[in-house]
Every structure is written in C-alpha cells, then in structure tokens.
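Beneath this line is the structure, given in structure tokens, with notes to follow.
In listed order, ligands and their atoms are each counted from 1.
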Amino acid sequence: MMKFNWSTAASATSVLKCGGEADLREVRETLKEWEAPFLVLDSEVNSLWSEDLQPLIASSSGIYVMEAREVLKNTFTLSQIWDSMAAAGITRDTPVVVIGGGVVCDTGALAASTYLRGLRLILVPTTLLCMVDACLGGKTGVNLSGAKNQVGTFNPAEVVILCTAFLRTLPDREFRSGMAEVIKTALIGDRELGSMLQGHEEPGGEELLNVVTRCLAVKGRIVEEDLEDRGSRMILNMGHTVGHALESCSGFHLSHGEAVGLGMLAEAAMAVNMGGDRNLPQEIRSLLRNAGLPTETGPDIPLDELESLLTRDKKSLRSGRIWALPFGWCDCRLVCISSEEEKGILPGILRLLKV
Ligand SMILES: NC(=O)c1ccc[n+]([C@@H]2O[C@H](COP(=O)([O-])OP(=O)(O)OC[C@H]3O[C@@H](n4cnc5c(N)ncnc54)[C@H](O)[C@@H]3O)[C@@H](O)[C@H]2O)c1
C-alpha cells in the first residue's frame, strides 16, 4: 500500500492508497488500526457494498446511515448524527470513519469535528469528486436556509483512504461530474495530467488511481499554503463562479460538474480578453468533450438571471468580485473585476457558451 503525507501542522493528512481491486478487503484491513469506530455511511454505498461493509459495521461502536442528497446536508441531519453518537455512548477516543461522497463526507466530518469538541476523523471517499477534491483540505460543512456550506469548520482528516473499486458502482453522470474537477485540477497545477487526459476517453484501473493521486498532490500543495481559504486557495474556485450561477440558472438541469466545465470554458475566454492563452478555451473544450461533458448550455439561459445570480455570489467584495481565471496551463490568477466591467463582459460569455 502506498502512503502520501501532507504534513504541515495545519493540514496534516495521510492519504493511503488501497488500489482498485475487486473488493474492499484492503480497506477493511487498513481500518482495523482504528478500533470500534463510529461510522457515518452513505446509504447508497451501504446497500451496493453491504457484503463488503458488513464486517466493518459489525465491529463499529455505532452507525449513522445518511442519504446523500444536497437538501439533507443540513443542521437537522447534523443534529441527528450527534444524537446517534450520544446514543452509541461514544467517547473522545472513538474515531469517526465517514464513507461516502462529498455530501456525506462534508456532513460527517462536521459532526466529527464538533461532537465532544472534536474526534479523530478518517475519510473513505466513494465518488470521483470526493476522491479528487472534497476528501482533502479540511473543509467540513452543511447548508443553511438553502445556502451552501454556511455552517462548517476547517478540520483536515487524519487519514484519507483511497479505494477506486468504489467507482465501479458510481453512475456515469456522477463519474463525469468528477472528471470536470479532474480537468480543473490539471489546468491549475498539472500540465502532464492534462496531456494524459487529452489522449484518453476515460481513465480506468491503475491509471485512475494515478489520476486521483495527481489531483490530490495539486490540491495538497495549494491547501498547505492557505488552509483557511483567505487568499491563494481561492484559485480552486476556477470555473465555479460562472459554474454555480449556471447550475442554479438551469434549474439544476445541469449537474455541478457539467456547470463547472462550462464555467471553466467561459472563464478561460474572460482570461483571453485580459491577455491569457488564446488556445486554452479550445483545449478545455476538447478535454470536456473527451470526458463526455457538455460544451454548450443547451436550454436557453436568461442573461439577466445569470447576472443577478452572479452578483449574489459569495466571492463579491465592495471593490468588485474576485475571479479565479485560467490565463494558461498552471497559470491561474486571482483577478478583481468591478461590477461595471462585469456588465460589459458577461453577455460575451453567454454567447460563447451557446456557440
Ligand atoms: N469539502 C470540500 O472541500 C468539497 C469540495 C468539493 C465539493 N464538496 C461537496 O461535495 C458535495 C458533492 O459531492 P459528490 O459529487 O461526491 O456527490 P454526492 O455525495 O451527492 O454523491 C452523489 C451520488 O452518488 C452516490 N454514491 C456515492 N458513492 C457511490 C458509489 N461508490 N457507488 C454508487 N453510488 C454512489 C450517492 O449516494 C449520491 O446519490 C457537495 O455538497 C459539495 O458542496 C466539498
């Protein structure tokens, strides 16, 4: 088994690779290091992998099974997890193991970081997005009054256990959503990964594990510098400013990954207007196509609605909004753009996405 270590005092997390084997034996073996953990488990993973997870469940000190729906990522579910922890009588030395995608990992990690003022945390991501992004960097959170991630902490997991075998049961659309984050990460910090992706339809097996660990290496580097997201970490928002607005504007007809892919395309075009690499939008388009992601919005998206959603984006400052724009491969820059300037630019962005 291979082991990575990001070891700054603030973000120390060990990442253990358990390979892409047919079953989860290695994951179970690895987890034996943490005796009688409390489990927070994605309900879909629980039913699809029940036989493999049974021994783990049998040796746990308690379990909370959560349905991974964004609307359930809230304070009510959080308090239900706390109640289950209390009912199980867990103590400060009980480790918490969270197994699931980003929704369950964000919620379970927040419960672990707050119950009894913080318990040891082990994350086992089961979606591609969670493997390449959400499992690392310490952001925990739940939504409040419909607004995303309004309550949370920075609490890096002690250990992340990677097992790409889980991805065999992941629905295709979820897999593609994760690929958008892979492309984003390559664009931000790994040109070679970008070239690898250009030559392939869809990575699989060992290659997939390699893709995941390369993404985590990039994210690990960025997070180490700015764990609490006060500056440089914001470059990880690339594609997300337009992406989030498109996601809502489409009435969630576009998935998160599909919207982020389109967002990257639009934001690369914005960077071209400011002197960025002219070939980049076309390269992104071809990477998105390769990954089976859309390069056009499809349904009509009203510009005024998109603009109003963008002005509500949390990255707005009085002087303007901070955009994380890709000027080239491994050259993502934080740029402050005033609302007046944005008004001039946004119609062009929308036209580009409808080409
Ligand atoms: N903490 C962070 O840094 C961070 C970063 C990015 C995203 N996020 C959060 O992640 C969430 C999205 O996470 P996601 O994309 O992983 O989606 P998700 O957690 O909603 O999971 C998607 C679906 O896949 C199912 N699923 C999970 N693993 C499966 C498997 N192996 N086989 C079959 N089905 C499986 C789930 O039950 C769910 O229905 C959002 O809430 C977002 O805010 C957090």
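Atom 35 (C) of ligand 1 has Leu170 CD1, 3.7 Å as its closest protein atom, hydrogens excluded (heavy atom only). The protein atom (non-hydrogen) at minimum distance from atom 37 (O) of ligand 1 is Asp42 OD1, 2.9 Å. Of the protein's non-hydrogen atoms, Thr169 O, 3.1 Å is the one closest to atom 33 (C) of ligand 1. Of the protein's non-hydrogen atoms, the one nearest atom 16 (O) of ligand 1 is Thr127 OG1, 2.6 Å. At the top of the distance list for atom 2 (C) of ligand 1, counting protein heavy atoms only, stands Ala134 CA, 3.6 Å. Considering only non-hydrogen protein atoms, atom 42 (C) of ligand 1 sits nearest to Lys148 NZ, 3.5 Å. Protein heavy atom nearest atom 3 (O) of ligand 1, with residue, atom name and distance: Lys219 NZ, 3.6 Å. Looking only at protein heavy atoms, the nearest one to atom 39 (O) of ligand 1 is Ala68 O, 4.0 Å.
Geometrically, ligand 1 and Lys73 share a nitrogen or oxygen pair separated by less than 3.5 Å. Inclusion of Phe166 in the set of residues having an N or O under 3.5 Å from an N or O of ligand 1 is warranted. For Val103, a nitrogen or oxygen atom sits less than 3.5 Å from a nitrogen or oxygen atom of ligand 1, counting backbone and side chain alike. In terms of polar-atom proximity, Asp133 is not counted as a contact of ligand 1, lacking any N or O under 3.5 Å from an N or O of the ligand. Ligand 1 has no nitrogen or oxygen under 3.5 angstrom from a nitrogen or oxygen of Glu174. Considering backbone and side-chain atoms alike, Gly102 places an N or O below 3.5 Å from some N or O of ligand 1. Annotation: Glu70 places an N or O atom under 3.5 Å from an N or O atom of ligand 1; distance criterion only.
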Inset, instruction - With salt bridge (Lys or Arg N to Asp or Glu O under 4.0 Å) as the test, would you mind laying out the steps for Arg233 and Glu225 before giving the verdict? - result: CA-CA 7 Å; Arg233 182 171 176 165; Glu225 270 177 30; over 6 Å; no
Legend entry - Verdict with reasoning, Lys139 to Asp229, per salt bridge (Lys or Arg N to Asp or Glu O under 4.0 Å): CA-CA 9 Å; Lys139 282 190 182 176; Asp229 207 5; 2.7 Å; yes
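Each of Leu265, Ile284, Leu287 was compared with Thr295 under the side chain to side chain contact (heavy atoms under 4.5 Å, CB included) criterion, and only Leu265 meets it.
Counting atoms of ligand 1 from 1 in the listed order, those under 4.0 Å from a heavy atom of Asn149 are 43 (O). Listed by number with element, the atoms of ligand 1 under 4.0 Å from a non-hydrogen atom of Lys139 are 1 (N), 3 (O). Residue-ligand proximity, Glu44 to ligand 1, at heavy-atom distances under 4.0 Å covers atoms 34 (N), 37 (O).
Taking CD of Gln54 as the reference point, atom OG of Ser59 lies at 10.0 Å (rounded to 0.5 Å). We find the CG-CD1 distance between Asn290 and Ile183 to be 8.0 Å, quoted to the nearest 0.5 Å. Remark: Asn74 CG to Leu78 CG distance equals 8.5 Å, nearest 0.5 Å. The distance from the CG atom of Leu128 to the OG1 atom of Thr164 is 10.0 Å, given to the nearest 0.5 Å.
Only the side chain of Val45 comes within 4.0 Å of ligand 1, judged by heavy-atom distances. Counting heavy atoms closer than 4.0 Å to ligand 1, residue Asp106 contributes side-chain atoms (C-beta onward) but none from N, CA, C or O. Neither the backbone nor the side chain of His256 comes within contact range of ligand 1; no heavy atom lies under 4.0 Å. Of the heavy atoms in Thr126, both backbone and side-chain atoms come closer than 4.0 Å to ligand 1. Here Thr140 has no heavy atoms under 4.0 Å from ligand 1, in either its backbone or its side chain.
When side chains are defined from C-beta on, Asp277 does not count as touching Val272, because their heavy atoms never get closer than 4.5 Å. Within the 4.5 Å cutoff, the side chain of Lys148 has heavy atoms near those of the Glu70 side chain. Side-chain contact between Val223 and Leu136 is absent, with no heavy atoms from C-beta onward closer than 4.5 Å. Taking the side chain as every heavy atom from C-beta outward, Cys215 and Asp133 never approach each other to under 4.5 Å.
Under the 4.5 Å side-chain heavy-atom criterion for grouping Ile, Leu, Val, Met, Phe, Trp and Tyr, Leu24 is connected to Val104 within one hydrophobic cluster. Connection of Leu72 to Val40 is not established within any shared hydrophobic cluster, with ILVMFWY side chains joined at heavy-atom distances below 4.5 Å, either directly or through further cluster members.
The number of heavy-atom neighbours closer than 6.0 Å to CD of Glu35, taken from other residues, nucleotides and ligands shown, is 12 or below.
Of the listed options Leu72, Leu129, Leu48, Leu129 places a heavy atom closest to atom 15 (O) of ligand 1.
The aromatic rings of His244 and His256 lie tilted to each other, with the angle between the two planes from 30° to 60°.
Taking a 4.0 Å cut-off on heavy atoms, Met66 fails to register as neighbouring ligand 1.
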